[in-house]
Amino acid sequence: VRDPKALEAAALEALVNALSFTQDELYQSHVQYWQNMWDHSLALDSPSAGPAVKASQYALFSAVRADWPYSTSPGGLSTDGYNGHAFWDMETWDAPNLMLLHPDIATGSTFAYRFNRLKGAMVNARETLSIEAGAAFPWESAFTGEDVCPAPLFAHTEIHITADVVNAVRMYWQLFRNTTFLRQAWPVLNETSQFWAHRTTALTQPDGEEIHLKNVTGPDEYHLGDDSGFTNFAVQLAVGFTLEAAAILEIPVSKIPNAAAMKRIATSMYIPYDAKENYHPEYGQYNGSLVKQADTILLNYPLGMQMKES
């Protein structure tokens with residue numbers, strides 16, 4: 001995390017640099033920058049969806065740069081409704097677009113922001129979530145990377161964001177197979193998996209061991225319970241990918257703390273399923289009540305769970 005004085009110095013340097021150009025030169029550089037952005041953008045030939053997609057891309061592209069290692073809040077600079085805080089939205093919905101259209105911005109902003117705030121995530125695990133190992137990214141994050149969520153309930157229970165960050169790394173790896181990037185990501189993968197090894201609970205069942213997550217809130221923020229289907233599957237993917245990354249990077253299992261617990265999470269995570277009704281409930285105690293927003297439907301996209309066609 002940059003020192004505030006260093007940020008002030010950088011801002012003054014940028015101002016001095018800008019003043020060395022004429023107004024026309026600055027304008028032309030602005031035009032060239034945006035031309036490059038639009039040359040690598042998604043365009044839809046639709047009178048309704050086309051402008052909406054372009055406006056969304058403009059809001060995103062305006063808020064992040066490849067040479068500025070910071071994230072953005074939902075809506076970017078178009079709204080202050082989220083207090084400027086970074087949420088799961090960046091890794092889940094925004095970053096995939098950047099990876100495909102402007103991967104340099106994805107690495108230079110989104111991932112750099114998270115990687116640089118691993119220490120803040122470790123503080124959050126201990127001070128907010130009372131887990132004495134690993135790292136957990138806060139539900140709402142800002143400059144330091146420590147918890148800035150104004151709602152304690154969400155700060156303590158909406159922990160799927162930690163898996164969301166790792167699953168964004170997983171997506172980048174699937175797209176580019178960049179081992180240099182994966183090695184940079186390894187401390188985040190390892191420390192977040194250590195958090196899950198301590199945050200999960202193992203229960204013995206007649207047919208084997210199950211791994212559970214108690215007292216969590218999924219994307220549907222109006223419900224709190226045990227074993228959020230989205231959260232549990234996101235954690236299973238994230239920890240499984242960490243083990244995959246270790247193998248790719250040739251990191252011996254013997255060098256990874258809690259490797260056995262991580263393997264159990266990757267293979268035996270409990271995902272709620274109602275065999276009678278043939279669907280995945282939102283969480284273990286779900287009773288059919290109205291949900292606030294998409295939740296278990298996200299198991300299929302973006303998480304990619306393989307399901308029966310029925």
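- The salt bridge (Lys or Arg N to Asp or Glu O under 4.0 Å) analysis of residues 136-155, with sequence neighbours excluded, yields no pairs.
- To the nearest 0.5 angstrom, Met305 atom CE is 9.5 Å from Asn300 atom CG.
- Atom-to-atom distance recorded for Glu191:CD and Leu118:CG is 6.0 Å, nearest 0.5 angstrom.
- No side-chain heavy atom of Thr110 sits under 4.5 Å from any side-chain heavy atom of Val64.
- Each of Val53 and Met90 belongs to its own hydrophobic cluster when Ile, Leu, Val, Met, Phe, Trp and Tyr are linked at side-chain heavy-atom distances under 4.5 angstrom.
- At a threshold of 4.5 Å between non-hydrogen side-chain atoms, the residues Trp196 and Ile159 count as touching.
- Residues Arg199 and Thr162 form no side-chain contact, since every pair of their non-hydrogen atoms from C-beta on lies 4.5 Å or further apart.
- Remark: Tyr273 pairs with His280 by the ring pair (Phe, Tyr, Trp, His ring centres under 6.0 Å) rule, at least two apart or across chains.
- Criterion: ILVMFWY side-chain heavy atoms under 4.5 Å apart, direct or through other members. Under it, Ile271 and Tyr286 are not part of a common hydrophobic cluster.
- Phe181 has its ring centre no less than 6.0 Å from the ring centre of Phe176.
- More than 12 heavy atoms of other shown residues, nucleotides or ligands fall within 6.0 angstrom of atom CZ in Phe154.
- Between Tyr70 and Trp68, the angle of the ring planes lies from 30° to 60°, which puts this pair in the tilted group.
- One distance of note links CD of Gln28 with NE2 of His30; it measures 10.0 Å at 0.5 Å rounding.
- Residues Val148 and Val123 do not share a hydrophobic cluster, defined by chaining ILVMFWY side chains whose heavy atoms lie under 4.5 Å apart.
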Dump the intermediate steps for side chain to side chain donor-acceptor pair (under 3.5 Å) on Gln35 and Asp39, then the final yes or no.
-> CA-CA 6 Å; Gln35 186 60 56; Asp39 286 345; 2.8 Å; yes
Mind running side chain to side chain donor-acceptor pair (under 3.5 Å) on Asn167 and Glu91 for me, showing each step along the way?
-> CA-CA 8 Å; Asn167 284 325; Glu91 282 74 23; over 6 Å; no
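- Between the CG atom in Asp227 and the CD atom in Glu282 there is a gap of 12.5 Å [rounded to 0.5 Å].
- When hydrophobic clusters are built by joining Ile, Leu, Val, Met, Phe, Trp and Tyr residues whose side-chain heavy atoms come closer than 4.5 Å, directly or via intermediates, Ile105 is not grouped with Leu77.
- For the pair Leu303 and Leu237, the minimum side-chain heavy-atom distance is below 4.5 Å.
- With no hydrogens or angles considered, a side-chain donor-acceptor pair links Ser141 and Tyr113 at under 3.5 Å.
- The ring pair (Phe, Tyr, Trp, His ring centres under 6.0 Å) test applied to Tyr58 returns Trp34, not counting sequence neighbours.
- Atom NE2 of His198 and atom CG of Leu129 lie 13.5 Å apart (nearest 0.5 Å).
- A 4.5 Å side-chain heavy-atom check between Asp220 and Phe230 finds every atom pair outside the cut-off.
- The environment of Tyr222 atom OH is sparse: at most 12 non-hydrogen atoms of other residues, nucleotides or ligands sit within 6.0 angstrom.
- Judged purely by distance below 3.5 Å, without hydrogens or angles, the side chains of His223 and Ser289 pair a donor atom with an acceptor atom.
- The shortest side-chain heavy-atom distance between Pro302 and Trp93 falls under the 4.5 Å cut-off.
- Counted within 6.0 Å of CG on Asp80, heavy atoms from surrounding residues, nucleotides or ligands total 12 or fewer; the atom is thus considered open.
- Listed by chain and number, the residues in a ring pair (Phe, Tyr, Trp, His ring centres under 6.0 Å) with Tyr270 are His212 (sequence neighbours excluded).
- When only modelled atom types and interatomic distance are considered, Gln194 and Asn190 share a side-chain donor-acceptor pair under 3.5 Å.
- Qualifying salt bridge (Lys or Arg N to Asp or Glu O under 4.0 Å) partners for Arg65, counting only residues two or more places apart in sequence or in other chains: Asp67.
- His102 and Phe61 have perpendicular rings, their planes meeting at more than 60° on a 0 to 90° scale where under 30° would count as parallel.
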Given Asn178 and Leu182, is the side-chain contact (heavy atoms from CB on, under 4.5 Å) satisfied, shown in steps?
-> CA-CA 6 Å; Asn178 186 323; Leu182 193 62; over 6 Å; no
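- Counting heavy atoms from C-beta on, the side chains of Ile211 and Gln236 never come closer than 4.5 Å.
- Applying ring-ring contact (aromatic ring centres under 6.0 Å, His included) to Trp139 and the options His156, His85, His160 leaves one that passes, His160.
- Residue Ile297 places its CD1 atom among 12 or fewer non-hydrogen atoms of other residues, nucleotides or ligands, all under 6.0 Å distant.
- For CD of Gln205, the number of neighbouring non-hydrogen atoms (other residues, nucleotides, ligands) closer than 6.0 Å is greater than 12.
- Atom CG of Asp45 is surrounded by 12 or fewer heavy atoms from other residues, nucleotides or ligands within 6.0 Å.
- Residues Thr231 and Tyr283 fail the side-chain proximity criterion, which asks for heavy atoms closer than 4.5 Å.
- When the salt bridge (Lys or Arg N to Asp or Glu O under 4.0 Å) test is applied to Lys255, no partner is found at least two apart in sequence or on another chain.
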Show your reasoning for whether side-chain contact (heavy atoms from CB on, under 4.5 Å) applies to Val188 and Arg114.
-> CA-CA 8 Å; Val188 167; Arg114 294 298 187 185; 5.7 Å; no
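- Heavy atoms from other residues, nucleotides or ligands lying under 6.0 Å from NZ of Lys292 number more than 12.
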